[in-house]
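Ligands are counted one by one from 1 in listed order, and the atoms in each one are counted from 1 as well. What you see below is based on every heavy atom in this structure, not just the backbone, and it leaves out hydrogens, waters and symmetry mates. When a residue number appears, it is its place in the shown sequence, counting from 1.
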Amino acid sequence: MPTLETSEVALLTPPEGTAENLPDFTTSEYKDAYSRINAIVIEGEQEANDNFVAIGSLIPKDQEELEKLGRMELKHKRGFLACGKNLGVVPDMAFAKKFFEPLHVNFLNAVKEGKIATTLLIQAILIEAFAISAYHVYIRVADPFAKKITQGVVMDEYLHLNYGENWIKENLASVKEELIKANKINLPIIRKMLDQVADDASILHMDKEELMEEFMIAYQDALTAIGLDNREIARMALAAVV
Ligand code: PL3
Ligand code: FE2
Ligand code: FE2
């Protein structure tokens with residue numbers, strides 16, 4: 001058994017952010033997992049653009065701003081395409097389309113019904129918080145090329161989250177009920193998406209607990225910014241544990 005004096009202890013718990021924590025980016029196992037994770041972020045960024053353009057059609061006064069947010073997503077998409085190419089990975093786009101489908105269907109229905117708060121909850125709060133949390137965790141274990149790209153991307157994602165926070169905050173009294181309903185339906189979907197991505201993520205050395213923790217922080221921060229109190233936030237968050 002290793003004692004505190006032996007070097008094994010140090011080997012078992014390397015300090016964070018050191019080379020020991022980084023996966024081998026060249027193995028077929030890494031590339032296989034990356035082909036799905038990379039596709040998820042490429043598809044996610046493309047759908048984020050489409051979603052912001054759709055939200056812009058519902059909020060004419062902010063249409064230009066929302067289209068600008070959408071263009072940032074297309075830039076993110078190009079960045080992540082380059083990350084896959086850099087590792088010699090072909091993204092599995094069919095997998096990624098299926099991955100987003102349940103959330104995407106709900107988003108499109110909300111657009112059709114003119115439910116602005118629901119569209120913003122799905123895209124600007126849930127998806128952006130998911131992206132922010134995943135990107136933060138990924139940055140710690142990414143290859144140097146992808147790390148640089150992802151650091152640039154994550155800064156933008158906060159602007160997207162902020163847009164949703166501000167609109168909902170300004171309209172909270174009239175949309176609170178809609179928001180709670182939409183959250184009850186869509187937060188469990190995000191939870192399932194996290195479960196689905198966990199095995200591949202762990203091959204990239206991204207820890208599931210850490211992903212969940214980071215998500216809950218971003219999500220709860222957003223609900224606080226919207227103007228909900230602790231009890232309301234706790235109720236909303238509980239929708240994740242059903
Ligand atoms: C909105 O701007 C983007 C939406 C993307 C959703 C991302 C989901 C993240 C899943 C886990 C990916 C880890 C990051 C890996 C990057 C190659
Ligand atoms: Fe993005
Ligand atoms: Fe975004």
Side-chain angles (χ1 to χ4, degrees), residues 23 25 30-53 55 65-87 89-93 95-97 99-104 107 119-120 122-165 186 189-208 210-212 214-215 218-219 222:
F25 309 110
Y30 187 91
K31 290 186 183 185
D32 173 61
Y34 204 83
S35 71
R36 287 178 293 279
I37 300 258
N38 186 225
I40 285 171
V41 297
I42 292 165
E43 177 67 20
E45 297 292 357
Q46 177 65 55
E47 289 191 20
N49 165 71
D50 304 346
N51 291 352
F52 279 120
V53 170
I55 295 167
E65 183 181 355
L66 285 156
E67 283 171 4
K68 203 170 119 197
L69 299 187
R71 281 195 294 279
M72 296 164 99
E73 306 293 23
L74 295 178
K75 199 180 90 194
H76 300 168
K77 179 188 172 184
R78 286 194 295 275
F80 288 124
L81 277 166
C83 292
K85 211 173 209 170
N86 179 54
L87 293 177
V89 168
V90 179
D92 184 347
M93 297 311 297
F95 172 86
K97 281 210 167 68
F99 178 82
F100 276 104
E101 195 171 59
L103 210 53
H104 196 52
F107 179 87
T119 63
L120 285 173
I122 293 175
Q123 175 57 48
I125 307 293
L126 295 178
I127 295 180
E128 296 294 348
F130 187 32
I132 286 170
S133 56
Y135 294 166
H136 272 307
V137 176
Y138 178 60
I139 282 167
R140 297 168 198 152
V141 291
D143 66 86
F145 180 84
K147 183 174 179 157
K148 224 176 168 174
I149 298 227
T150 311
Q151 279 168 333
V153 167
V154 80
M155 311 262 286
D156 290 347
E157 307 301 10
Y158 282 104
L159 301 175
H160 305 168
L161 190 70
N162 288 344
Y163 177 86
E165 289 170 354
N186 292 291
I189 296 179
I190 292 280
R191 173 71 213 263
K192 279 188 205 118
M193 291 163 79
L194 222 141
D195 288 339
Q196 278 175 45
V197 86
D199 285 347
D200 284 328
S202 79
I203 290 169
L204 273 54
H205 288 197
M206 297 169 67
D207 178 59
K208 186 178 179 186
E210 211 177 320
L211 281 166
M212 291 175 66
E214 292 279 357
F215 174 80
Y219 170 74

Study note, to complete from the structure: So the side-chain hydrogen bond (donor to acceptor under 3.5 Å, both in side chains) pairs with at least one residue in residues 122-134 (sequence neighbours excluded) are Asn51-Gln123, Gln123-Glu128, Glu128-His160
Point to revise | Rounded distance (nearest 0.5 Å) linking atom CG of Leu74 with atom CG of Asn49 | key: 3.5 Å
Practice item. Of all the heavy-atom pairs spanning Asp200 and Arg36, show the shortest one and how long it is. Key: OD2-NE, 2.7 Å
**Study point:** Nearest heavy atoms of Pro23 and Val141, plus distance in Å
**Key:** CD-O, 3.6 Å
Whether [Y] and [X] form a salt bridge (side-chain N of Lys/Arg under 4.0 Å from carboxylate O of Asp/Glu) is what I want to check.
{"X": "Lys192", "Y": "Glu101", "result": "no"}
{"X": "Asp195", "Y": "Arg191", "result": "yes"}
{"X": "Lys208", "Y": "Asp199", "result": "no"}

Exercise for review: Kindly assign one of parallel, tilted or perpendicular to the pair Tyr158 and His136, based on the angle between their ring planes and the thresholds 30° and 60°.
Suggested key: tilted
Determine all donor-acceptor pairs shorter than 3.5 Å in which one atom belongs to a side chain in residues 75-84; sequence neighbours excluded.
unit_1	atom_1	unit_2	atom_2	d
His76	ND1	Glu45	OE1	3.2
His76	ND1	Glu73	OE1	3.0
His76	ND1	Glu157	OE2	3.1
His76	NE2	Met72	O	3.4
His76	NE2	Asp156	OD2	2.7
Lys77	NZ	Gln46	OE1	2.8

Exercise for review: Anything protein N/O/S under 2.8 Å from the Fe ion (ligand 3)? Just list residue and atom, please.
Suggested key: Glu73 OE2, Glu128 OE1, Glu128 OE2, Glu157 OE1, His160 ND1
Short N or O contacts of ligand 1 with protein, under 3.5 Å, listed by atom name?
unit_1	atom_1	unit_2	atom_2	d
ligand 1	2 (O)	Glu45	OE1	3.1
ligand 1	2 (O)	Glu73	OE1	2.8
ligand 1	2 (O)	Glu73	OE2	3.0
ligand 1	2 (O)	Glu128	OE1	3.3
ligand 1	2 (O)	Glu128	OE2	3.4
ligand 1	2 (O)	Glu157	OE1	2.8
ligand 1	2 (O)	Glu157	OE2	2.9

